[in-house]
Chemist: 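My questions all concern the structure below.
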Amino acid sequence: MVMMATYKGERWVGEQIDSILGQEGVDVTLRICDDQSPDGTFSICKKYANRFPNVVVTRNETNLGVNDNFMQMLYEDDAENYDYYAFSDQDDLWMPNKLSAAVDMIEKMIVGEEPALYYCDLINVEGSSESRELYRFTECERHPATVLLRNYINGCVMVFNHALARIVQSYRPTHFPRMHDVWLHMAGRFCGTVIADTDHAYMKRRITGNNVVGKTTLNPESIGETIKLALLALKPYERVQSETARLFYDGYSDYLKPEGRRVLEEFLHYRDSLDARIRYSGSRSYWIPSPEALLRMRVGVLLGFY
């Protein structure tokens, strides 16, 4: 099942739907939920649903926001009936083998009912310029706590199996403090196996200026990164990383692998004392591919911002 959350996407949504329906080697059910788009997005999606029995389209009664819009589709009753799951943004373009390549890799590397999360690289498209992104984060696979501080796997490149979906569906918090892809990344990281296929990019992501999550920038001179850290200082009570980790730990405690439990507990206790903050600020359990951005992260940890 491919889950697509739409909102004001009339310009590109048709092309993305076409690329999903054109996937080779897999049977696809496309589940679309429109979040009260004021433009023609919902009408375009309904036309596809009227033509294709494997396209299911609904519209929220109120605007939920992208996070809850995605996650509600995963928790629907009939969402239990699929072998594999994927998220789709409304303005991307998938290569015909995006899903089949993921399924092949999972079935090659996973034995039995092991929960698994696969992700590939992507190609950012800005006008006539194209660039790869996630290959820079391959080293993060050796630093499992990174996701607790900063996510680097976009939902649009994820494919996960039924076993992982069942774990996620077993618990539903009243709200998700961080993005849907963070929650799935944590599930794969701490309850299953993550398969990083950053040698291949099977999709193009249009950088339009309207993306909810644009490309991941680690510019050491980024004003935006500095502003984010300043905002954390101004709102020390809004520790969404710690809140997310606590909800996840409590909700999925029975499914945590020993290493996942250790990583989560270490993070959840890093603010217990100044000594704990000092030790965790120098931890090698998290890493990002920019010395300057990593330093900002370590300063944030030292100050207890997360």
Side-chain angles (χ1 to χ4, degrees), residues 1-23 26-94 98-99 122 151 154-160 162 164-166 168-185 187 203-214 244 247:
M1 178 173 72
V2 176
M3 295 161 282
M4 177 189 287
T6 61
Y7 182 71
K8 294 198 298 187
E10 63 179 1
R11 183 176 181 184
W12 304 114
V13 69
E15 288 188 45
Q16 173 61 341
I17 292 174
D18 287 338
S19 75
I20 293 171
L21 296 180
Q23 291 296 296
V26 293
D27 294 324
V28 175
T29 294
L30 175 56
R31 174 72 176 91
I32 303 173
C33 190
D34 184 71
D35 204 20
Q36 282 288 316
S37 294
D39 60 5
T41 303
F42 181 64
S43 176
I44 293 170
C45 295
K46 284 295 291 182
K47 289 178 181 178
Y48 278 93
N50 291 336
R51 290 174 54 200
F52 299 98
N54 58 328
V55 177
V56 179
V57 179
T58 58
R59 192 179 201 187
N60 295 327
E61 293 184 1
T62 60
N63 182 277
L64 299 179
V66 62
N67 200 21
D68 287 332
N69 196 14
F70 268 121
M71 292 305 288
Q72 70 172 350
M73 289 185 276
L74 186 57
Y75 284 96
E76 291 173 341
D77 290 341
D78 60 356
E80 301 177 359
N81 302 323
Y82 299 91
D83 296 324
Y84 294 95
Y85 301 78
F87 294 118
S88 168
D89 294 334
Q90 63 189 3
D91 45 12
D92 296 333
L93 195 65
W94 288 6
K98 180 183 186 295
L99 296 180
L122 53 77
N151 189 39
N154 306 94
C156 56
V157 297
M158 293 178 174
V159 175
F160 49 101
H162 180 81
L164 187 63
R166 293 295 289 149
V168 174
Q169 292 161 345
S170 70
Y171 164 65
R172 186 175 188 174
T174 56
H175 73 295
F176 297 93
R178 298 175 68 190
M179 292 293 288
H180 63 285
D181 47 13
V182 177
W183 198 257
L184 263 297
H185 184 173
M203 61 164 287
K204 293 187 176 184
R205 177 173 60 182
R206 293 185 177 94
I207 304 299
T208 64
N210 295 320
N211 309 82
V212 175
V213 179
T244 302
L247 287 170

Chemist: If you compare all heavy atoms of G9 against all heavy atoms of T41, which two are closest, and at what distance to 0.1 Å?
Modeler: N-OG1, 2.7 Å
Chemist: What residues form a side-chain contact (heavy atoms from CB on, under 4.5 Å) with T29, not counting sequence neighbours?
Modeler: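 Residues passing side-chain contact (heavy atoms from CB on, under 4.5 Å) with T29: Y82.
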Chemist: Rounded to the nearest 0.5 Å, how far does CG of D92 lie from SG of C156?
Modeler: 5.0 Å
Chemist: Return the minimal non-hydrogen interatomic distance between A86 and W94, and the atom names on each side.
Modeler: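 That would be CB-CH2, 4.3 Å.
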Chemist: How would you list, by chain and number, every residue that makes a side-chain hydrogen bond (donor to acceptor under 3.5 Å, both in side chains) with K8, sequence neighbours excluded?
Modeler: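 Not a single residue meets the side-chain hydrogen bond (donor to acceptor under 3.5 Å, both in side chains) criterion with K8.
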Chemist: CE/M3 to CD1/I32 distance, rounded to the nearest 0.5 angstrom?
Modeler: 12.5 Å
Chemist: Measuring only between side-chain heavy atoms, which start at C-beta, is W183 closer than 4.5 Å to T244?
Modeler: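 W183 vs T244: side chains touch.
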Chemist: Could you check whether any side-chain heavy atom of Y85 comes within less than 4.5 Å of a side-chain heavy atom of H162, counting everything from C-beta outward?
Modeler: yes
Chemist: Would you mind reporting whether M4 and I17 have side-chain heavy atoms less than 4.5 Å apart?
Modeler: yes
Chemist: Check this for me: N81, atom CG, are more than 12 non-hydrogen atoms of other residues, nucleotides or ligands nearer than 6.0 Å?
Modeler: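 Buried by this count: over 12 neighbours within 6.0 Å.
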Chemist: Please identify each residue that fulfils side-chain hydrogen bond (donor to acceptor under 3.5 Å, both in side chains) with D18, with sequence neighbours left out.
Modeler: Y48
Chemist: More than 12 heavy atoms of other residues, nucleotides or ligands under 6.0 Å from CG of D27: yes or no?
Modeler: no
Chemist: Between M71 and V168, what is the shortest heavy-atom contact and its length?
Modeler: CE-CG1, 4.3 Å
Chemist: Taking only residues two or more places apart in sequence, or in another chain, which ones meet K47 in a salt bridge (charged side-chain N to carboxylate O under 4.0 Å, His left out)?
Modeler: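 Counting only residues at least two positions away or on another chain, K47 forms no salt bridge (charged side-chain N to carboxylate O under 4.0 Å, His left out).
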Chemist: Are the side chains of L21 and N54 in contact, using a 4.5 Å heavy-atom criterion?
Modeler: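 A side-chain contact under 4.5 Å exists here.
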Chemist: Any luck finding a side-chain donor-acceptor pair between Q16 and S88 under 3.5 Å?
Modeler: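 A pair is found: one side chain offers a donor N or O, the other an acceptor, under 3.5 Å apart.
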Chemist: Is the shortest side-chain heavy-atom distance between I44 and T6 below 4.5 Å?
Modeler: no
Chemist: Rounded to the nearest 0.5 Å, how far does CG of N151 lie from NE2 of H185?
Modeler: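 H185 NE2 to N151 CG: 6.0 Å, rounded to 0.5 Å.
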Chemist: So D181 and F87, do their side chains get closer than 4.5 Å, heavy atoms only?
Modeler: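 Heavy-atom side-chain distance check fails, nothing below 4.5 Å.
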Chemist: Measure across L93 and S19 and return the closest heavy-atom pair with its distance rounded to 0.1 Å.
Modeler: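 Here L93 and S19 meet closest at CD1-CB, 3.9 Å.
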Chemist: Pairs of donor and acceptor atoms involving the side chains of residues 57-68, under 3.5 Å and at least two apart or interchain, shall be tabulated with distances.
Modeler:
unit_1: T58; atom_1: OG1; unit_2: R31; atom_2: NH1; d: 3.0
unit_1: T58; atom_1: OG1; unit_2: R31; atom_2: NH2; d: 2.9
unit_1: R59; atom_1: NE; unit_2: D34; atom_2: OD2; d: 3.3
unit_1: R59; atom_1: NH2; unit_2: S37; atom_2: O; d: 2.5
unit_1: N60; atom_1: OD1; unit_2: Q72; atom_2: NE2; d: 2.7
unit_1: N60; atom_1: ND2; unit_2: D35; atom_2: OD1; d: 2.8
unit_1: N60; atom_1: ND2; unit_2: N69; atom_2: OD1; d: 3.1
unit_1: N63; atom_1: OD1; unit_2: G65; atom_2: N; d: 3.3
unit_1: N63; atom_1: ND2; unit_2: D35; atom_2: O; d: 3.0
unit_1: N63; atom_1: ND2; unit_2: D35; atom_2: OD2; d: 3.3
unit_1: N67; atom_1: OD1; unit_2: H180; atom_2: N; d: 2.5
unit_1: N67; atom_1: ND2; unit_2: F176; atom_2: O; d: 3.1
unit_1: N67; atom_1: ND2; unit_2: R178; atom_2: O; d: 2.6

Chemist: To the nearest 0.5 Å, how far apart are CD in Q169 and CD in E76?
Modeler: 10.0 Å
Chemist: Between M203 and V157, is there a side-chain heavy-atom distance shorter than 4.5 Å?
Modeler: yes
Chemist: Are the side chains of L99 and V2 in contact, using a 4.5 Å heavy-atom criterion?
Modeler: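 Yes; the side chains approach each other to less than 4.5 Å.
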Chemist: Could you measure the distance from the CG atom of D39 to the CZ atom of R11? Nearest 0.5 Å is fine.
Modeler: 12.5 Å
Chemist: Excluding sequence neighbours, so at least two apart, what forms salt bridge (charged side-chain N to carboxylate O under 4.0 Å, His left out) with R166?
Modeler: E80
